[in-house]
A.B. asks: 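Can you read through this structure? Questions will come right after.
Treat the numbers as computed from the prediction; the structure is a model and nothing was measured. Just so it is clear, the values below take in all heavy atoms, side chains as well, and ignore hydrogens, waters and symmetry mates. Naming: A, B, ... by sequence-line order, numbering from 1 per chain.
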Amino acid sequence: MSNVVTRFAPSPTGYLHIGGARTALFNWLFARNQGGKFLLRIEDTDRKRYAPEAVEAIYDGMRWLGIDWDEEPISQFSRIERHAEVARELLTKGAAYKCYSTKEEIDAFRTAARAAKRPPLFRSPWRNADMATAPDAPYVVRLKAPREGETTIDDQVQGSVTWKNETLDDMILLRSDGTPTYMLAVVVDDHDMEVTHVIRGDDHLTNAARQSIIYKGMGWDLPIYAHIPLIHGPDGAKLSKRHGALGVETYRDMGYLPAAMRNYLARLGWSHGDEDFFTTEQAIEWFSPDKIGKSPARFDFKKLENLSGQHIRATDNVDLLQEIEKFVASQHKPELTLRQREMFISGMDGIKERAKVIPELIEIAYYFLGERPFLPDEKAGHFLTTVSRGMLNRLTSRLRDATWTLEELEAEIRAFAEVEDLKLGKVAQPLRVALTGRTVSPSVFDMMVQLGKEECIARLEDASR
RNA sequence: GCGCCCUUCGUCUAUCGGUUAGGACGCUAGGUUUUCAUCCUGGAAAGAGGGGUUCGACUCCCCUAGGGCGUACCA
């Protein structure tokens, strides 16, 4: 096992959305590629926004996606003592200071700065103040960030990025109630968890620079950063709940295969030459952070759908049945009967190439999932005219004596069409309607063999009435 | 406002100074076919704009435009 450690650190404010899922996937792919560890940490230091059920939603989403993590997930909140300890150490080292400025003073400062067209970065008067003058009042702990020189981050995706230190502020490490902020907590936790590679959204790029100052203050080594571009909605704007930023469980409910989801998400921003369709094993084998692109990608349902169809076709029938059963369970529908499971296996070849998502698989399986009589729906009804009923009656009589194999059936029906002086389609389509009540289905010959003679004759008799 | 990042077909992308700029999705014209789908064949479709550097730029540099992110006692 290598010493590579990656992590996914969501904040439990809602479901696991698609951007987070991709971040988790990239971290996971890299860890698995390297034979390292992939850890989970819940960023729950902000108790005002903490929602326990959101943590479960995140676990569920990860599990559905098939992204497994090593070791017990860590609650950041449980580590606040350690965070405070580091803050105190920074204080004694002179890398941080106590700031007694009130919220009102800070607001006033910023408003004035804006009015004067100066950067609204707060410059605390306590940065170099004599602590003897400190009031007996609540204070926050601020980082004493350098104001001269520059800070450079070498990023695996973004390359070398530099900021002038004057554009970075003295961020708050410990709130006035003594709880740690995200900035402090991530650094301390990533360090203590021995995280070697931080792969996260590029909305954190500036944070990397600010956080590096904390690392420096503590004399710790920086992890290797890879800031990946965010995913945009179909219209190019920021992903919102309106379009695409749905929780992963929404995609599960739509019936996409997890394997297809992993494939699609991996391909969004990452590439391995021209490969578009691949298995998760291949993605793990091929994954490399330096092949992640720098520009944001848009979410495209059409492509996801196509990939899902390809994965359905490529999935072994027994495994596919399992996916169907998992889906059925997730939708709180009654589980499949033994007979239905058998029919799925025997009919899978005919239905899997006609579906792109699991609900379509179930829809196409209607011809064996449903029960007699299979009354024709509106479109199908047009094929059951007086003339075609007569034709079907003559066919039914012949079929009573037929040998029920694919070859015999096909020969029999083709011969019948010839006798009736009809094209095969003119016989097959009414036959399909009589058998299923619908205009669309797998091959009639395949269905007849699968359904068996007795059932087929019964359905034909139903239709003749 | 300031800082940082981004910009190849409609979309996802390949290309790492020299290619008829390739693939995939979607679209489209056909073919196979008992419906639908699958499958097969063909087609339209791209380097944001302007300057440089170079024998030669999609590729390197600068500017402009457009977009994104950040600028919290949120994460």
A.B. asks: Need one value for R110(A): base, sugar-phosphate or nothing, where a base atom within 4.0 Å counts as base even if backbone is also close, heavy atoms only.
C.D. replies: sugar-phosphate

A.B. asks: In whole angstrom, what separates L205(A)'s CG from G70(B)'s C1'?
C.D. replies: 9 Å

A.B. asks: Can a side chain N or O of S271(A) be found less than 4.0 Å away from OP1 or OP2 on A14(B)?
C.D. replies: yes

A.B. asks: Which of parallel (below 30°), tilted (30 to 60°) and perpendicular (above 60°) describes W286(A) and H272(A)?
C.D. replies: parallel

A.B. asks: Once you round it to whole Å, what is the distance between P of A24(B) and NZ of K302(A)?
C.D. replies: 18 Å

A.B. asks: In whole Å, measure the gap between the C1' atoms of G18(B) and C9(B) for me.
C.D. replies: 23 Å

A.B. asks: Report the distance from atom CZ of F445(A) to atom P of U35(B), rounded to the nearest whole Å.
C.D. replies: 11 Å

A.B. asks: Sugar-phosphate atoms are those with a prime plus P, OP1 and OP2; base atoms are the rest. Using that split, label each nucleotide of nucleotides 36-45 of chain B B, S or - for protein heavy atoms under 4.0 Å, 5' to 3'.
C.D. replies: BBSS------

A.B. asks: Can you list every side chain to side chain donor-acceptor pair (under 3.5 Å) pair that touches residues 433-444 of chain A, not counting sequence neighbours?
C.D. replies: E363(A)-R438(A), R432(A)-S441(A)

A.B. asks: If the condition is side chain to side chain contact (heavy atoms under 4.5 Å, CB included), which residues does N207(A) pass it with, not counting sequence neighbours?
C.D. replies: Y182(A), M183(A), H204(A), R210(A), Q211(A)

A.B. asks: Could you state the atom-to-atom distance from NE2 of H204(A) to C1' of C69(B) in whole Å?
C.D. replies: 11 Å

A.B. asks: Report the distance from atom NE2 of H272(A) to atom P of G22(B), rounded to the nearest whole Å.
C.D. replies: 21 Å

A.B. asks: Counting only distance, no hydrogens or angles, is the base of C4(B) paired donor-acceptor with the side chain of T206(A) under 3.5 Å?
C.D. replies: no

A.B. asks: Could you tell me whether G293(A) contacts a base, only the sugar-phosphate backbone, or nothing, with contacts defined as non-hydrogen atoms closer than 4.0 Å?
C.D. replies: nothing

A.B. asks: Grab the CG-P distance between D44(A) and C74(B) for me, whole Å please.
C.D. replies: 14 Å

A.B. asks: Under 3.5 Å for both donor-acceptor distances, Watson-Crick or wobble: does U71(B) have a partner, and if so which one?
C.D. replies: G1(B)

A.B. asks: Does any pair with a residue in residues 256-274 of chain A pass salt bridge (Lys or Arg N to Asp or Glu O under 4.0 Å), and if so which ones, sequence neighbours excluded?
C.D. replies: R267(A)-D276(A)

A.B. asks: Would you say E285(A) and N33(A) are linked by a side-chain donor-acceptor pair, where the criterion is simply a distance under 3.5 Å?
C.D. replies: no

A.B. asks: Across the strands shown, which category fits D177(A) at heavy-atom distances under 4.0 angstrom: base, sugar-phosphate, nothing?
C.D. replies: nothing

A.B. asks: Mind jotting down which residue pairs meet the side chain to side chain donor-acceptor pair (under 3.5 Å) criterion with at least one end in residues 105-125 of chain A? Sequence neighbours excluded, please.
C.D. replies: none

A.B. asks: Let me know the distance between CE of M183(A) and P of G70(B), rounded to the nearest Å.
C.D. replies: 11 Å

A.B. asks: Between the base of G70(B) and the side chain of D203(A), is there a donor and acceptor pair under 3.5 angstrom?
C.D. replies: no

A.B. asks: Contact class for K117(A) vs. all strands (heavy atom < 4.0 Å): base, sugar-phosphate, or nothing?
C.D. replies: nothing

A.B. asks: Base, sugar-phosphate, or nothing: which does P296(A) touch, judged by heavy atoms less than 4.0 Å apart?
C.D. replies: sugar-phosphate

A.B. asks: What is the distance from CG of L307(A) to C1' of A24(B), rounded to the nearest Å?
C.D. replies: 9 Å

A.B. asks: In residues 140-150 of chain A, what donor-acceptor pairs under 3.5 Å come from side-chain atoms, sequence neighbours left out?
C.D. replies:
residue: R142(A); atom: NH1; partner: D170(A); partner atom: O; Å: 2.8
residue: K144(A); atom: NZ; partner: N128(A); partner atom: OD1; Å: 3.3

A.B. asks: Answer with base, sugar-phosphate or nothing: what part of the nucleic acid does V161(A) contact at a heavy-atom distance below 4.0 Å?
C.D. replies: sugar-phosphate

